[in-house]
Structures are given as C-alpha cells and as structure tokens.
Amino acid sequence: MSKISEKEAGEKIKQLTVDLNHHNYLYYVKAQPVISDYEFDVMLQELIALEKQFPNLLTTESPSQRVGGFISKEFVTVTHSYPMMSLGNTYSEEELRDFDERVRKVIGSDFEYVCELKFDGVAIGLTYQNGKLLRAVTRGDGVRGDDVTTNVRTIRSIPLSLMGNNFPDKFEIRGEIILDKKTFERINAERADIGETPFANPRNSAAGTLKLQDSSEVARRKLDCFLYALYGDFDFSTHYDGLKMAADWGFKISEHYQLCKSIEDVLTFIESWRKKRDLLPFDIDGIVIKVNNFRQQEELGFTAKSPKWAIAYKYKAESASTILNSVVYQVGRTGTITPVANLKPVLLAGTTVKRASLHNADQIQKLDLHMHDTVFVEKGGEIIPKITGVDFSMRQAGAKPVSYITHCPECGTELIRLEGEANHYCPNEEGCPPQIKGRLVHFTSRKAMNIDGLGVETIDQLVEAELLKNVADIYHLKSEKLLQLERMGEKTVSNLFEAIEKSKQVPFERVLFAIGIRFVGDTTAKKLARHFGSYQKISQATLEELIQTPEIGDKIATSIFDFVRELENIKMVEQLQSAGLQFKLDKAAMQEAGSKLKGLSFVITGVFQKFERDKLKETIEINGGKVSGSLSSKTSYLLAGSDCGPAKLEKAEKLKINIISEDDFLKMLQ
Ligand code: IVH
C-alpha cells in the first residue's frame with residue numbers, strides 16, 4: 001500500500017463516500033446505474049483498504065458498512081416515538097364509499113386523496129438525526145418494537161446519509177421492507193438445497209431475514225424498502241409533497257402513487273392495479289388511500305387502532321375450484337419429502353394451474369383432504385398456488401382420505417419424521433436415486449466444485465449406466481467406459497476430465513459445502529472452514545464445541561456432528577481426500593482467518609450486548625489476539641462494555657491504552 005497521510009486519506013474517503021453513495025442511489029433507488037458493477041467494486045475496495053489503514057476514519061454511515069458483518073445475539077426492544085398504528089381495511093367498494101362519506105362529514109368536500117400501493121412486507125420505522133440513519137425499529141406490538149438497525153444498514157436502497165439539507169434535525173420515516181419475487185425464489189431454492197423448509201411467501205422471507213443474527217447474511221439476501229409515511233416537523237403541508245420531498249432526500253418512494261380528487265378516481269386507480277399488480281416485481285396486497293392534507297388529517301384524528309384519514313383496500317386473493325386428481329410425493333437431495341397435488345387444470349390469475357403445494361402431512365390432515373375432492377386453490381402472496389379448502393358438498397360417497405405415504409416413493413425405505421420437524425424424510429441416503437443424483441448435482445454445481453460438463457443430464461446418464469454411485473466415483477471415472485455412452489465424444493470426455501482435475505484445487509470451504517451436510521449452506525461452510533481450519537478438526541469437535549462456534553446453532557451443530565460420524569461419510573471423505581481434494585484451508589486463507597488481531601492484546605470489562613464474554617474471548621483468540629485479565633503497558637485495547645468499573649477506565653487512560661466499544665471491536669474484525 002502506498003504511503004498516504006491521515007489527512008489525505010480523510011479527503012479521499014470523503015470523496016469515495018460521496019461517489020459511492022451517489023452510485024448506490026442511482027442503482028438501488030432509481031434503477032438507473034451509470035457505471036458498471038466492476039467500477040463500483042473498485043471504488044468500494046479502495047475505500048475499504050483506506051478504512052483498514054485508518055480505522056478511526058471509519059464511520060457507521062460508510063458505504064463499506066453495507067456488507068454487514070455484525071452479529072446480534074438479541075435485538076433490543078425500544079419504544080416508538082409515535083405509536084405504529086395499523087390501517088382499517090376493506091375488500092368492498094361499498095365500504096370504501098362509506099369511508100369517503102365519513103371523511104366528508106368531518107372535513108367537507110374540499111380535499112384530495114393520495115392512492116398508493118399497499119406493499120406486502122414488514123413495517124419499519126427509520127429515525128434520522130442530522131441527516132444520518134440513527135435507528136431502525138420493527139412494528140412489534142405497535143408501542144414497542146425491535147431495534148434492527150445493524151441489519152437495516154445493509155439494505156442498499158435505505159440511505160445511511162440523506163441528500164440535500166432541508167430536512168429537520170430529527171424525524172422518522174416509515175415504510176415496508178420487502179423482498180422481490182425473484183430474490184424470494186432464489187432464497188427458497190438455496191434453502192431447499194440444504195434441506196431447510198422453504199419460506200411460504202416473500203413477506204415471511206423478509207420478516208425472517210430481518211431477524212437474522214448475522215448481518216452479512218442479511219446483506220446477501222438483498223432486501224428492499226419502500227417508504228410511505230413521515231413523522232416530524234416539516235415545511236410541507238401535504239402527504240403528496242412529503243413523498244416528493246422524501247424522494248429528493250434519497251428515499252425509495254414507489255413511482256406508483258397518484259392524487260385523486262374523488263372516490264371515483266380512487267376506484268379507477270384500484271381497478272387499474274387489480275390486474276397490473278401481477279406484473280410488479282414484488283407483491284402488493286392492495287391499495288392505501290390517504291387524505292392528502294395534514295391539517296385535514298388532524299381534523300379527522302384516530303380511532304384507538306388506526307387513523308380515520310386512511311384506509312386500505314385489499315384485493316381478494318384470486319381463487320378457483322377444481323378437482324384433485326392425485327397426490328405425488330417428491331424426494332429432494334437431502335431426502336425431504338414434499339407432497340404435491342395434481343389438479344385438473346384450471347385458469348387462475350392469468351395462468352393455468354395444474355399443481356399445488358401441499359407442504360406436509362399436517363397440512364393434508366388439516367384440510368381433511370380426500371381423493372378426487374373438489375378443492376379451492378388460491379394464488380396469494382405465494383408463487384406456487386395453494387389449496388385453501390375443500391368443497392365438502394361435492395365429496396363423492398366412499399371417497400378415501402388422502403393418507404400420507406409411509407415409505408419412500410423412489411426406494412421403498414420407511415420414512416422418518418423428526419420431532420419438531422414439519423417434513424418427513426427418506427433416510428436411505430446411499431440407495432435412494434433422487435438423493436444420489438441430487439447430491440451429485442449439488443456437488444458439481446457452480447458454487448460447490450464447479451465441474452463443467454457434469455450437469456443434471458450427464459449425471460442422470462452416468463447414474464443410469466452405474467458409473468456413478470457417489471461423489472467420490474467422479475474421481476475414478478474411466479474414459480473407456482465414458483466413450484461407450486451416447487453423446488460422449490473424445491472432446492467431451494477430455495473436457496470433462498480437465499474440469500474434474502481442476503476441481504481438485506477448489507478451496508476447502510467450497511469442498512465443505514459440496515459434500516452436502518444437511519443445513520450447511522455456502523455461508524455456513526465458509527464460517528466453519530475459517531473457524532476450524534480443516535475437516536479433521538471439524539470431525540474431532542465435540543457437539544459443545546460445534547455449538548460454541550459463532551453463528552452455528554443447535555440444529556446445524558447436530559447435523560454436522562452426526563454427518564462426520566456416519567460410516568458412509570467417513571468413507572466418502574477418505575476417498576475424496578486421497579483423490580487430492582482440499583480438506584484444509586490453504587495457508588493464505590488460514591493467515592487471513594487468524595491474523596486480524598495478531599500481536600494485539602485485550603482486556604475485557606463490563607457487559608456486552610451482542611456477545612457473551614466467553615464468545616468475545618474466543619473471537620479474539622481465533623483472530624490471533626490475546627486476552628489478559630489485567631491492564632499493563634503491554635495491553636493494546638481495553639474492550640469496555642456497559643457497567644464497567646471506573647477504576648479500570650482510569651487506569652487505561654493513565655496507561656494511554658485505547659478504550660474501545662463492542663461496535664469498535666466488530667469494526668476491527670471486518
Ligand atoms: S400507511 C397509520 N402506506 O400496511 C398507518 N401503510 O395493513 C400508516 N403498508 O401498517 C401506514 N403499504 O405496514 C401505509 N403505502 C402504504 C403501505 C402501508 C403497506 C402496511 C403498513 C400498515 C399496514 C396496514
């Protein structure tokens with residue numbers, strides 16, 4: 001790194017921050033980027049490097065903070081400055097006209113409405129102080145919510161500092177955190193891949209994501225946020241002007257809002273979105289109608305639960321009735337069974353529906369589903385339609401209840417259902433064809449071993465030809481055998497061998513992901529690899545040691561613990577090891593993982609919010625630092641939580657030892 005003075009670095013950081021914020025805004029709020037992702041990354045890397053060199057110049061508003069990295073053990077509960085109310089809602093035109101009548105009675109006929117989309121997500125209140133994001137709080141019970149600021153900072157469409165300067169010193173803006181449909185599908189595909197139950201809809205997925213403990217995982221999930229309500233002292237006097245102003249400050253305001261002069265205009269707006277909403281990249285569940293003028297809003301006031309100046313019109317989920325032809329059971333890579341209903345094709349929300357998800361055995365029982373029942377299917381927030389009920393009046397005499405299978409439809413093995421789990425699964429990992437193929441597909445996939453030429457079809461072909469039974473067989477394929485197969489020419493085979501050879505250099509963390517431990521996704525694999533350094537260490541860890549690993553919960557720890565002890569897995573790992581795959585971190589990664597705090601010694605005092613003390617100590621040691629019990633001239637940092645004694649602080653000051661907070665410490669680790 002070239003030498004640069006602190007002053008120069010400060011200026012450069014300032015400039016990079018302005019530029020990155022601007023490009024971030026163009027990309028995530030306006031959807032009109034003017035530079036490439038690569039150019040953005042180069043600038044961001046430069047900023048990160050400078051902040052590493054001069055840690056005291058790092059601020060919480062820095063664009064580098066968007067990637068997360070904070071671990072929140074528990075979210076702190078805070079009281080809302082303004083109670084977070086809900087909205088009265090209706091599904092009918094008549095009730096909407098009644099609402100209009102009520103409004104007229106109080107404020108007369110000289111007023112306007114603003115119509116907006118009703119985003120189907122998770123409500124959030126963002127407080128800004130001096131133009132900087134201070135706090136983000138969930139609805140909770142409306143009076144008190146959870147402080148989720150660290151996670152919200154990773155949402156790139158939420159400004160960390162505002163544009164312009166005509167905003168109040170302190171104000172709150174509220175909106176909805178959402179996940180777009182595409183991202184939702186990606187997350188669910190990833191969850192299914194590691195044997196996690198998929199989220200039912202984007203809203204649940206957004207809610208689950210917002211409560212994750214690891215903010216870097218939140219950053220990866222790519223949440224988005226639309227804002228729609230301002231609270232504070234402002235210069236403007238209408239909601240409409242407020243939305244315009246908020247957009248100027250850099251907030252993401254949906255462009256689909258409209259001033260309406262009458263309830264007829266409102267109804268036209270509602271009708272225009274009834275069909276169009278399917279084309280939006282995210283879910284909405286209705287339209288919100290608000291009286292525009294703040295003074296008139298005040299005149300109208302509130303009920304105990306909601307404002308009298310606003311109402312939500314909700315679209316009914318479209319539903320249709322059809323006949324259940326059969327129930328089939330799919331077997332996933334990790335053996336999870338998913339029941340799916342085959343239906344007589346029916347038109348629903350513009351598409352022909354032939355299948356519907358049945359989720360699990362409980363769902364089938366709850367519906368009291370019988371063969372050939374007439375069922376109601378609905379497309380709500382869910383991408384896959386679901387069966388919401390049965391038309392019992394149409395049930396044929398003697399119809400048989402749908403009884404959940406007891407044995408695997410693919411290999412005949414008796415199914416297992418673990419306590420507390422919703423799904424059944426087939427335990428025959430080694431002999432069940434979809435599990436064998438699924439594991440191979442997962443192993444060769446891009447994020448895992450990235451073996452080009454071993455896609456789904458080729459894997460099918462090689463499994464059918466009995467050349468592949470498990471992932472270790474990939475490294476013992478013989479070209480004579482391959483050349484005898486259809487579509488396998490000299491060139492194809494030699495390319496395949498080249499790709500297989502190349503995969504032996506794939507780093508350990510990806511090998512760990514590739515071997516397919518239930519619930520271990522790519523991020524978890526990376527964390528495990530960095531924490532333990534080698535497969536051997538992971539396999540020797542006690543259950544307690546696994547649970548003690550930062551961010552590994554009981555469920556994942558148990559799954560790892562069982563996996564490494566299973567005979568078949570021990571054999572597979574041995575074979576892969578002797579084939580030359582990487583089962584420990586390479587030197588560079590090892591150094592990177594363990595050297596962030598090298599040469600530094602810490603004294604810990606007080607109570608911490610995000611870490612327990614033992615975890616703090618462990619984290620310091622894993623990263624190459626030392627922890628000692630008392631302050632001396634050799635101490636590099638006093639890591640001080642709340643409630644720490646004044647004596648220690650005084651001594652640290654006397655010895656000129658840097659006193660750092662929990663957040664400062666987390667920054668050092670990034
Ligand atoms: S205004 C006093 N505007 O829907 C309430 N809410 O069912 C102010 N929502 O609590 C809320 N889109 O979480 C408002 N354009 C929008 C909205 C919206 C979605 C949510 C919000 C609200 C809930 C009511």
Side-chain angles (χ1 to χ4, degrees), residues 80-91 95-96 99 103 113-127 136-146 148 152 155 157-158 171-180 201-204 206-207 210 223-232 234 238-244 246-247 251-260 266 269-270 272-273 276-277 280-294 296-317 380-381:
H80 290 294
S81 310
Y82 308 84
M84 236 191 200
M85 298 194 134
S86 68
L87 285 175
N89 67 53
T90 175
Y91 289 90
E95 284 180 11
L96 212 54
F99 164 77
V103 170
Y113 289 119
V114 178
C115 284
E116 294 166 17
L117 304 183
K118 184 170 174 350
F119 307 99
D120 197 7
V122 186
I124 194 82
L126 309 174
T127 303
V137 184
T138 61
R139 173 198 301 281
D141 62 6
V143 177
R144 289 150 64 84
D146 285 336
V148 288
V152 163
I155 303 175
S157 53
I158 292 182
F171 70 95
E172 185 170 341
I173 187 162
R174 289 184 182 163
E176 208 81 355
I177 293 185
I178 58 152
L179 253 188
D180 67 46
N201 52 45
R203 179 182 10 122
N204 290 2
L210 204 55
L223 294 168
D224 203 346
C225 182
F226 284 108
L227 286 312
Y228 49 64
L230 284 153
Y231 297 79
F234 303 103
T238 66
H239 176 61
Y240 188 84
D241 290 346
L243 290 179
K244 289 243 169 310
F251 291 107
K252 187 160 183 168
I253 308 292
S254 159
E255 58 189 318
H256 306 301
Y257 62 97
Q258 190 179 302
L259 266 180
C260 290
V266 169
F269 185 87
I270 289 174
S272 77
W273 278 103
K276 259 192 310 190
R277 73 193 161 113
L280 286 168
F282 50 84
D283 282 340
I284 63 166
D285 59 343
I287 299 295
V288 179
I289 301 113
K290 300 172 182 174
V291 169
N292 188 26
N293 189 292
F294 289 152
Q296 290 175 323
Q297 287 186 1
E298 255 173 58
E299 241 179 284
L300 284 155
F302 296 85
T303 69
K305 278 195 285 186
S306 51
K308 292 190 196 166
W309 44 264
I311 192 164
Y313 176 90
K314 297 236 262 187
Y315 295 114
K316 277 195 199 114

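Along the sequence shown, residues carry numbers from 1. Whatever order the structure lists ligands and atoms in, that order sets their numbers, starting from 1.
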Exercise for review: Go through ligand 1 atom by atom and flag the ones less than 4.0 Å from a non-hydrogen atom of Glu176.
Suggested key: 9 (N), 13 (O), 19 (C), 20 (C), 21 (C)
Exercise for review: Could you tell me which non-hydrogen atom of Met85 sits nearest to which non-hydrogen atom of Thr303, and how far apart they are?
Suggested key: CE-O, 3.8 Å
Review point. Can you find a side-chain donor-acceptor pair between Lys118 and Tyr228 that sits under 3.5 Å?
Key: no
Check your understanding: So, for Arg139 and His80, which heavy atoms are closest and what is the spacing to 0.1 Å?
Key -> O-NE2, 3.1 Å
Review point. When only distance counts, is Lys290 in polar contact with ligand 1, meaning an N/O pair under 3.5 Å?
Key: yes
**Study point:** Subset of ligand 1 atoms that lie under 4.0 Å from at least one heavy atom of Met85
**Key:** 5 (C), 10 (O)
Practice item. Taking all heavy atoms of Lys308 and all of Phe99, pick out the closest pair and write down the distance. Key: O-CE1, 3.5 Å
Check your understanding: Does Lys118, backbone or side chain, put an N or O under 3.5 Å from an N or O of ligand 1?
Key -> yes
Check your understanding: Pick one: which of Asn292, Leu259, Ile311, Val291 meets side-chain contact (heavy atoms from CB on, under 4.5 Å) with Tyr113?
Key -> Val291
Practice item. Have a look at ligand 1 and work out which part of Ala229, if any, has a heavy atom under 4.0 Å from it: side chain, backbone, both or neither. Key: neither
Review point. Does ligand 1 have a heavy atom under 4.0 Å from the side chain of Tyr228, from its backbone, from both, or from neither?
Key: side chain
Check your understanding: Less than 3.5 Å between some nitrogen or oxygen of Leu117 and one of ligand 1, yes or no?
Key -> yes
**Study point:** Structural part of Asn89 in contact with ligand 1, heavy atom criterion under 4.0 angstrom
**Key:** neither
Check your understanding: Using heavy atoms and a threshold below 4.0 Å, how should the contact between Arg139 and ligand 1 be classified: side chain, backbone, both, or neither?
Key -> side chain
Point to revise | Heavy-atom closest pair, residues Ser254 and Leu117 | key: OG-CD1, 3.9 Å
Revision key, fill the gap. For Ala123, the atoms of ligand 1 under 4.0 Å from one of its heavy atoms are 13 (O)
Check your understanding: Which residue holds the protein heavy atom closest to atom 12 (N) of ligand 1, what is that atom called, and what is the gap in Å?
Key -> Phe119 N, 3.0 Å
Exercise for review: Specify side chain, backbone, both or neither for Val288, according to which of its non-hydrogen atoms lie closer than 4.0 Å to ligand 1.
Suggested key: side chain
Exercise for review: Would you please classify the geometry between the Tyr313 ring and the Tyr315 ring as parallel, tilted or perpendicular, with 30° and 60° separating the classes?
Suggested key: perpendicular
Check your understanding: Which of the atoms of ligand 1 are close to Pro307, meaning less than 4.0 Å from one of its heavy atoms?
Key -> 2 (C)
Practice item. With heavy atoms only and a cut-off of under 4.0 Å, state how Glu116 meets ligand 1: side chain, backbone, both or neither. Key: side chain
Review point. Is the distance between the ring centroids of Phe226 and Phe282 less than 6.0 Å?
Key: yes
Check your understanding: Below 4.5 Å, heavy atoms only, C-beta onward: do His239 and Glu116 meet side chain to side chain?
Key -> yes
